[in-house]
Amino acid sequence: MTHQEIISFIKNQFNNQERIALHQPFFGGKEKEYLNRCIDSTFVSSVGPFVDQFEEDIKKYSGTDYAVAVVNGTAGLQVALQLVGVKRDEEVITQALSFIATSNAIHFAGANPIYIDVDYDTMGMSPTSLLNFLECYGEIRTNECYNKKSGKRIAACLPMHTFGFPCRIDEISKICHDWAIPLVEDAAEALGSEYKGKKIGSFGEIAVFSFNGNKIVTSGGGGVIVTNSQHLAKRAKHLTTTAKLPHPYEFIHDESGYNFRMPNINAALICAQLEQLDSFIENKRALAKSYSNFFAFNPIFRTEMTDTKANYWLNCLEFSSLNERNSFLELANQQGVMCRPIWTLSYLLPMYQNCQRDNQENAEILYDRIVNIPSSFRN
Ligand SMILES: *Cc1c(COP(=O)(O)O)cnc(C)c1O
């Protein structure tokens with residue numbers, strides 16, 4: 001199969017439009033109605049009925065007991081890490097193969113990332129590598145985990161579900177439990193995905209979804225913290241709304257809180273989008289099916305693993321080498337078919353180059369070979 005044949009097939013899936021986006025939002029429901037209602041009410045900012053409605057809706061959808069709407073996924077991850085106890089100069093285990101926001105959230109929480117390799121098949125954190133790392137460097141002292149190399153506390157583990165394909169989250173969860181490490185899921189890309197019949201976002205202490213413009217549903221910008229812990233949920237709400245104590249008129253704050261609350265106008269948009277999420281996922285799974293039929297048994301196209309359901313947020317192809325992926329990217333983008341490589345591994349970037357990491361064999365292979373191809377909702 002030539003690169004040109006692949007590109008022609010992609011074009012065909014999107015009615016041969018002149019320019020085919022990697023992922024564009026689709027507004028096919030009550031978006032305008034809700035936005036108008038929001039403006040008419042004058043409640044466009046951080047208090048309003050759509051924020052409350054959204055929190056109810058996302059709780060039901062993700063199967064978690066509590067939800068706190070925030071300004072974006074990065075802010076949500078930062079707060080989530082702080083809530084599970086991450087403090088300045090501590091360490092958080094994560095993966096280098098992720099969007100930069102994962103590492104940035106750790107940095108903004110004051111901690112340093114440790115990079116564990118991903119599994120080749122899931123593209124998410126490898127439980128085998130995690131366990132190997134902990135057996136080599138981990139040490140439990142009074143029910144907390146310390147890194148024997150740095151002497152610092154390993155305060156959390158933050159795996160990510162790449163492109164909506166679930167990682168082996170139950171194995172990771174068990175290891176974290178055994179090693180007394182709180183688990184936070186970066187579920188930014190995986191709203192609606194499932195692992196062994198259970199929605200992603202309910203495996204750790206806390207999880208975060210993103211509703212940035214390029215995600216499966218969007219609030220323009222936004223995110224949400226979900227958890228089954230009432231205590232964490234209360235703390236999340238408090239810390240993201242300037243830590244103000246309830247009072248009819250006095251301004252009393254009991255700690256330095258953030259202004260991270262999702263505005264009502266963004267919540268209006270996401271409420272309308274969530275009503276369409278099931279149909280979006282069906283639509284995207286149909287596109288993935290066409291791709292997978294086209295590629296037949298050619299493993300170049302990535303499909304969901306057994307025991308999982310992917311939301312197919314972004315479809316991806318695996319080429320045989322860096323050269324092949326580069327020549328494909330060049331040709332596709334020349335022809336207006338927006339394709340892009342997977343993210344540059346975080347430790348290759350100047351801010352994170354000195355972070356501790358294990359062998360990154362799979363991350364490096366995937367970085368050389370994986371390309372995202374157009375994956376928008378088809379009208
Ligand atoms: C999008 C994304 C985020 C951050 O979300 P924002 O809402 O853009 O801040 C975090 N992690 C991953 C893996 C993402 O893809």
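When a residue number appears, it is its place in the shown sequence, counting from 1. Quantities reported herein were computed from a predicted structural model and do not represent experimental measurements. Order of appearance sets the numbers: ligands from 1, and atoms from 1 within every ligand.
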List the residues meeting ring pair (Phe, Tyr, Trp, His ring centres under 6.0 Å) with Phe133, not counting sequence neighbours, and say none if there are none. Tyr137
Is the backbone of Ser346 close enough, under 3.5 Å, to the side chain of Ser103 for a donor and an acceptor to pair up by distance? no
Contacts of Lys32 meeting salt bridge (Lys or Arg N to Asp or Glu O under 4.0 Å) (sequence neighbours excluded), chain-then-number -> none
Polar contact flag, side-chain donor to acceptor under 3.5 angstrom, Gln335-Lys11: yes
What I want to find out is whether Arg153 reaches Glu144 closely enough, with some N-O distance under 4.0 Å, to be called a salt bridge. yes
Which residues pass the side chain to side chain contact (heavy atoms under 4.5 Å, CB included) test with His253, sequence neighbours left out? Thr242, Lys244, Phe251
Which pairs of nitrogen or oxygen atoms, taken one from ligand 1 and one from the protein, are under 3.5 angstrom apart?
unit_1, atom_1, unit_2, atom_2, d
ligand 1, 5 (O), Ser210, OG, 3.2
ligand 1, 7 (O), Gly73, N, 2.7
ligand 1, 7 (O), Ser210, OG, 2.7
ligand 1, 9 (O), Gly73, N, 3.3
ligand 1, 9 (O), Thr74, N, 2.9
ligand 1, 9 (O), Thr74, OG1, 2.5
ligand 1, 11 (N), Asp186, OD1, 3.3
ligand 1, 11 (N), Asp186, OD2, 2.8
ligand 1, 15 (O), Glu189, OE2, 2.5
ligand 1, 15 (O), Lys215, NZ, 3.2

